[in-house]
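Below is one structure, written out as structure tokens; comments come after it.
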Amino acid sequence: MNQAEITEVRSLGDHVGKSVTILGWVESTRSHGKVGFVIVRDGTGLVQGVLLKAELPEDDWGLLESLTQECSVALTGEVRAEPRAPGGHEIGVTGLELLGASEDYPIQPKEHGVEFLLDHRHLWLRSSLQRAGLRVRHEVQQAIADFFYDRDFVRIDTPILTGSIGESAGTLFEADYFGEPAYLAQTGQLYVETACPAFRKVYCFGPTFRAEKSKTRRHLTEFWMLEPEVAFADSDDNMRLQEDLVCYLVERVLERSAKELEVLERDTADLEAIAAPFARISYTDAVTLLQEKGSEIEWGRDLGAPDEMLLTEQFDRPVFVHDYPKAVKAFYMKENPDDPRTVRCNDLLVREYGELIGGSQREDDLDRLLVRIREEKLPEDVYSWYLDLRRYGTFVHSGFGLGLERTVAWLTGRPHVREMIPYPRLMNRLAP
RNA sequence: UGGGGCGUAGCUCAACCGGCAGAGCGCCUGGCUGUUAACCAGGAGGUUGGUGGUUCGAACCCACCCGCCCCAGCCA
């Protein structure tokens, strides 16, 4: 195999009229007796190969029947522009080599059930909708890195194995750590906060784990979370950063993932309309509004999914709900000086998917934080290092967590987060 | 964990009131020089999720169990 003549499908436009070799996997074949068509995917695009019995060596023509779905091949021939071909180009095949056979490939270009597809996730990844969704995920990850790099944030990788607890016990995955209990991280937040005095603006971005027995289209037990943390930023600064980030992500995906959104049949009208500022409504005002719209919600209770849906329908873009009751939020959130029943926090809600972001200003007063830890009956000793942050130069700071899969599901319009991560971990799925 | 739905060929699904278990796709064989989920002809492929019960007779009715999906709770 002469590597010098191997060409990627995405650059075929530069090789029209020339002979090239394509390496890839067969998506489908159609044979008509003395002419055959083969669709090859090489990971950069699709190209159609045209095989004429009269123009192929006898041996190569015989190979046609062994070109089964997903076998790997080397295809050699002249490139032609052909608008009718998937990908816009076709190759008049003059040489054909079977690299790896593929017998009884399980996934057909037909409808399949969810369970079957998830059981074959390692093969399902090759399908067009899955490729499109995961490519958007990749774009969003890169956009996140670019956004924070451009703003002088330092990326801090927080531990996945921890001895201390993130938010609430009972939803932690436990592991054995040389005889001691260890837990898979639910959040990197407490750790990333500690890097603020070192770098001022920081973020962590990695997998997090929740042993929640939830079975909804918005939850995974292992998901990727972006968690920025900014020193000397209050809750309002925090919301402005979230707004800027979400606008940037939408812009990037519209600009660079247009092809993928088309494959996914995403109507992008609502994304194109998104611009700062987003609506901001206090929890208290939201409750009043929801009650007017017929919700049973009462002040003090957390917003349920139906409430969030109803609320987002009142706005034409993502909406911030801020200053929730202290009782329904985490211990580390800053008590609201104007109304001690509430904390300085916010959720960012979008239509159909609910909470994309949860954020807050952090409690920076040592005594008040201790009171909250005791109220929640949390083990004080494991938080000693977190409390040190308030002992040695405490400072106003805020941050938030953005769920990657939920964000990508929203951007692509796919209904379920399980398709937005290569290998979803769900309550009842640990394989493949 | 609660509410609702479902489980039949490799896959997606039919099967009327309880009466011979079927189709499409995929696969195999043959035909065809421009197909786009190609088409035409033929073929193979079944312990109807499991156990027990009712009945002359169960894919179908009943009980229990297993599995999956959707919604809710929890959250990102």
Side-chain angles (χ1 to χ4, degrees), chain A residues 27-39 46 48-56 61 64-65 68-70 80 82-87 90 92 102-120 123-124 128 166-168 170-171 186-189 205 207-227 242 301-309 324 328-330 346-350 353-360 399-410 415-418 420-421 426-429:
Chain A
E27 290 216 335
S28 65
T29 59
R30 290 179 292 278
S31 169
H32 299 261
K34 289 175 181 157
V35 63
F37 299 90
V38 55
I39 305 295
L46 295 179
Q48 170 167 277
V50 183
L51 293 81
L52 293 168
K53 189 172 186 181
E55 293 180 15
L56 268 177
W61 179 255
L64 184 58
E65 65 188 28
T68 53
Q69 199 185 353
E70 292 301 323
R80 298 190 288 260
E82 172 53 74
R84 287 175 301 176
E90 68 176 22
S102 169
E103 283 176 34
D104 302 320
Y105 187 74
I107 299 180
Q108 299 174 35
K110 300 281 176 186
E111 277 186 34
H112 291 289
V114 174
E115 189 180 13
F116 176 82
L117 289 170
L118 285 174
D119 283 343
H120 295 87
L123 302 175
W124 190 24
S128 62
E167 294 180 4
S168 59
T171 58
Q186 284 182 318
T187 168
Q189 182 204 314
F205 189 19
T208 49
F209 307 86
R210 307 263 168 107
E212 290 159 2
K213 290 185 177 174
S214 52
K215 292 171 76 172
T216 82
R217 62 189 183 86
R218 300 181 296 278
H219 288 85
L220 295 164
T221 55
E222 176 179 325
F223 68 100
W224 279 57
M225 187 155 62
L226 161 74
E227 296 177 278
Q242 294 168 42
R301 287 211 333 252
D302 204 356
L303 265 44
D307 288 320
E308 291 184 351
M309 298 298 158
Y324 281 73
V328 300
K329 289 292 176 182
N346 74 270
D347 285 354
L348 179 65
L349 307 179
V350 298
Y353 300 89
E355 190 179 341
L356 234 49
I357 290 177
S360 70
F400 61 89
L402 172 141
L404 178 64
E405 292 77 15
R406 227 180 253 183
T407 301
V408 177
W410 170 61
H416 205 300
V417 291
R418 67 186 162 214
M420 300 298 124
I421 186 167
L426 301 156
M427 188 182 150
N428 54 357
R429 179 166 295 278

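Just so it is clear, the values below take in all heavy atoms, side chains as well, and ignore hydrogens, waters and symmetry mates. Chain letters run A, B, ... following the sequence lines, proteins first and then strands; every chain starts at 1.
- Shown here are the ring-ring contact (aromatic ring centres under 6.0 Å, His included) partners of A:His416, two or more places apart in sequence or in another chain: there are none.
- Between A:Gln186 and A:Thr171, the side chains place a donor N or O and an acceptor N or O closer than 3.5 Å (distance only, hydrogens not considered).
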Nucleotide N/O to protein N/O under 3.5 Å, stretch nucleotides 41-46 of chain B:
none

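- Not a single ring-ring contact (aromatic ring centres under 6.0 Å, His included) links A:Phe209 to another residue, sequence neighbours left out.
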Which donor-acceptor pairs under 3.5 Å do the side chains of residues 218-225 of chain A make with protein atoms, sequence neighbours left out?
{"residue": "A:His219", "atom": "ND1", "partner": "A:Thr216", "partner atom": "OG1", "Å": "2.7"}
{"residue": "A:Thr221", "atom": "OG1", "partner": "A:Arg425", "partner atom": "O", "Å": "3.0"}

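- Closest to the side chain of A:Leu220, out of B:C11, B:A76, B:U35, is B:A76.
- A:Trp124 has its CH2 atom 15 Å from the C1' atom of B:C11, to the nearest Å.
- Under the salt bridge (charged side-chain N to carboxylate O under 4.0 Å, His left out) criterion, A:Arg80 pairs with A:Glu90, sequence neighbours left out.
- With sequence neighbours excluded, the residues satisfying ring-ring contact (aromatic ring centres under 6.0 Å, His included) with A:Phe116 are A:His112, A:His120.
- Comparing A:Leu404 and A:Glu111 along RNA chain B, the residue whose closest nucleotide (by nearest heavy atom) sits nearer the 5' end is A:Glu111.
- With sequence neighbours excluded, no residue forms a salt bridge (charged side-chain N to carboxylate O under 4.0 Å, His left out) with A:Glu308.
- Remark: A:Asp302 pairs with no residue by the salt bridge (charged side-chain N to carboxylate O under 4.0 Å, His left out) rule, at least two apart or across chains.
- In this structure, A:Asp307 does not pair ionically with A:Arg301, as no charged nitrogen and carboxylate oxygen lie closer than 4.0 Å.
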Study note, to complete from the structure: Given Watson-Crick and G-U pairs under 3.5 Å, RNA chain B in dot-bracket ([ ] crossing, | other strand) is (((((((..((((.....[..)))).(((((.......))))).....(((((..]....))))))))))))....
Could you list the protein-to-nucleotides 22-25 of chain B atom pairs, N/O on both sides, closer than 3.5 Å?
{"residue": "B:C25", "atom": "O2'", "partner": "A:Gln108", "partner atom": "OE1", "Å": "2.8"}
{"residue": "B:C25", "atom": "O2", "partner": "A:Gln108", "partner atom": "OE1", "Å": "3.4"}

Review point. Reading nucleotides 65-74 of chain B 5' to 3', which nucleotides get B (base under 4.0 Å from a protein heavy atom), which S (sugar-phosphate only), which -?
Key: --SSSSBSBB
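- The ring-ring contact (aromatic ring centres under 6.0 Å, His included) test applied to A:Tyr324 returns A:Tyr283, not counting sequence neighbours.
- Between the side chains of A:Glu227 and A:Thr187, at least one donor-acceptor pair of N or O atoms lies under 3.5 Å.
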